[in-house]
Amino acid sequence: MSAPAVASTSPSTALADAAREIVEVGRFLSVRNFVPATSGNFSRRLDARTAAVTRSGVDKGELTEADVWALDIHAPPPPGSSAETHLHLHLYRDRPHVQAVLHTHSMVSALLSNLRKAEGELRLSDFELLKALGDNKTHEATVSIPIFPNDQDVPRLAARASELLAQRPECVAYLIAGHGLYTWGRSMAEARRHTVALEHLLTYELETMKVRR
Ligand SMILES: CSCCC(=O)C(=O)COP(=O)(O)O
Ligand SMILES: [Zn+2]
């Protein structure tokens with residue numbers, strides 16, 4: 001019998017493909033000032049047990065494919081992987097449909113999350129761009145983005161996020177106060193769309209607050 005026309009994807013090919021996507025999204029987000037200095041981190045699911053995650057401390061606009069490591073989503077993160085690896089891995093464990101997770105540190109995400117942290121959430125409504133989030137079909141929806149207090153104990157922060165998000169299956173993002181934004185998606189393209197849409201929605205909200213002062 002002849003070999004199949006299309007070979008199944010090998011683990012090394014899946015990592016190389018994911019690394020290329022991550023390097024590309026890093027450049028895309030960096031030129032928009034969403035990941036200043038060495039902030040931000042990104043990941044891509046490889047299979048049911050493995051995800052590709054960026055290593056720690058590098059400029060995310062200057063990533064190379066060697067800066068993206070394949071990690072077991074059930075194992076403790078290895079030294080040198082992103083300091084926030086736990087915040088990625090719990091999403092892959094908790095939500096089998098999640099294919100990509102993006103973390104950004106834009107000016108507006110740090111400022112607005114600090115200004116609204118006492119409320120524990122940011123409620124967004126009446127914006128057409130809400131339709132870029134998840135399966136929303138109308139500007140009339142109200143989308144709640146949880147805001148967690150920042151915490152240098154990242155495993156504790158990940159446990160908090162995991163617990164709250166279990167009650168919120170529709171949620172596609174959260175903020176960490178004074179820190180930044182986590183978004184995810186059913187593909188890298190969807191995670192990137194969520195990031196860009198939320199950066200605009202957060203800016204609308206911050207500008208509205210300024211006008212109302
Ligand atoms: C200089 S930003 C502080 C760490 C952080 O919040 C971040 O997003 C980047 O951490 P990583 O370890 O993934 O480089
Ligand atoms: Zn961060």
Side-chain angles (χ1 to χ4, degrees), residues 15 18-46 50-73 75-93 98-117 122 145-162 164-165 171-185 188 191-192 194-196 198-199 202-203 206:
L15 176 60
R20 268 194 296 277
E21 277 189 290
I22 286 175
V23 168
E24 189 185 317
V25 84
R27 295 203 178 117
F28 176 90
L29 296 171
S30 178
V31 296
R32 286 159 179 79
N33 280 330
F34 293 169
V35 284
T38 59
S39 69
N41 30 73
F42 318 125
S43 64
R44 178 79 166 90
R45 186 188 288 281
L46 297 174
T50 322
V53 183
T54 47
R55 77 177 175 91
S56 184
V58 289
D59 183 326
K60 305 312 184 301
E62 295 177 356
L63 290 167
T64 69
E65 288 165 30
D67 296 321
V68 180
W69 298 352
L71 304 185
D72 183 332
I73 67 174
S81 76
S82 169
E84 297 172 355
T85 299
H86 286 280
L87 297 174
H88 292 252
L89 299 190
H90 85 82
L91 284 162
Y92 293 112
R93 288 194 300 269
V98 167
Q99 292 292 330
V101 179
L102 300 175
H103 168 49
T104 46
H105 273 230
S106 67
M107 174 98 76
V108 70
S109 65
L111 290 177
L112 191 60
S113 57
N114 246 352
L115 287 168
R116 305 289 282 272
K117 66 183 167 195
L122 182 68
I145 308 296
I147 306 175
F148 296 100
N150 200 10
D151 193 343
Q152 297 304 319
D153 185 335
V154 176
R156 180 170 62 195
L157 181 52
R160 259 192 213 136
S162 176
L164 185 127
L165 292 173
C171 192
V172 295
Y174 63 78
L175 287 158
I176 307 173
H179 180 158
L181 175 70
Y182 269 84
T183 55
W184 50 90
M188 180 61 85
R192 190 176 108 166
H194 289 163
T195 304
V196 174
L198 277 160
E199 293 293 342
L202 297 180
T203 304
L206 190 61

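Each ligand, and each atom within it, is numbered from 1 in the order the structure gives.
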Is there a donor-acceptor pair closer than 3.5 Å between any side-chain N or O of Lys60 and the backbone N or O of Val58? yes

With ring-ring contact (aromatic ring centres under 6.0 Å, His included) as the test, pick out the partner of His103 among Phe42, Phe34, Tyr182, Tyr174. Tyr182

As a test of reading the model: which residues have a non-hydrogen atom less than 4.0 Å away from ligand 1? Thr38, Ser39, Gly40, Asn41, Ser56, Gly57, Lys60, Ser82, Ala83, Glu84, His103, His105, His179

With sequence neighbours excluded, residues passing side-chain hydrogen bond (donor to acceptor under 3.5 Å, both in side chains) with Arg45: none

So what does the His105 NE2 - the Zn ion (ligand 2) - Glu84 OE2 angle come to, to 10°? 150°

So which atom in Leu164 and which in Pro146 form the shortest heavy-atom distance, rounded to 0.1 Å? CD2-CG, 3.6 Å

Keeping to residues at least two apart or across chains, list the salt bridge (charged side-chain N to carboxylate O under 4.0 Å, His left out) pairs with something in residues 79-92. none

Residue pairs, two or more places apart or on separate chains, that pass side-chain hydrogen bond (donor to acceptor under 3.5 Å, both in side chains) and touch residues 22-39: none

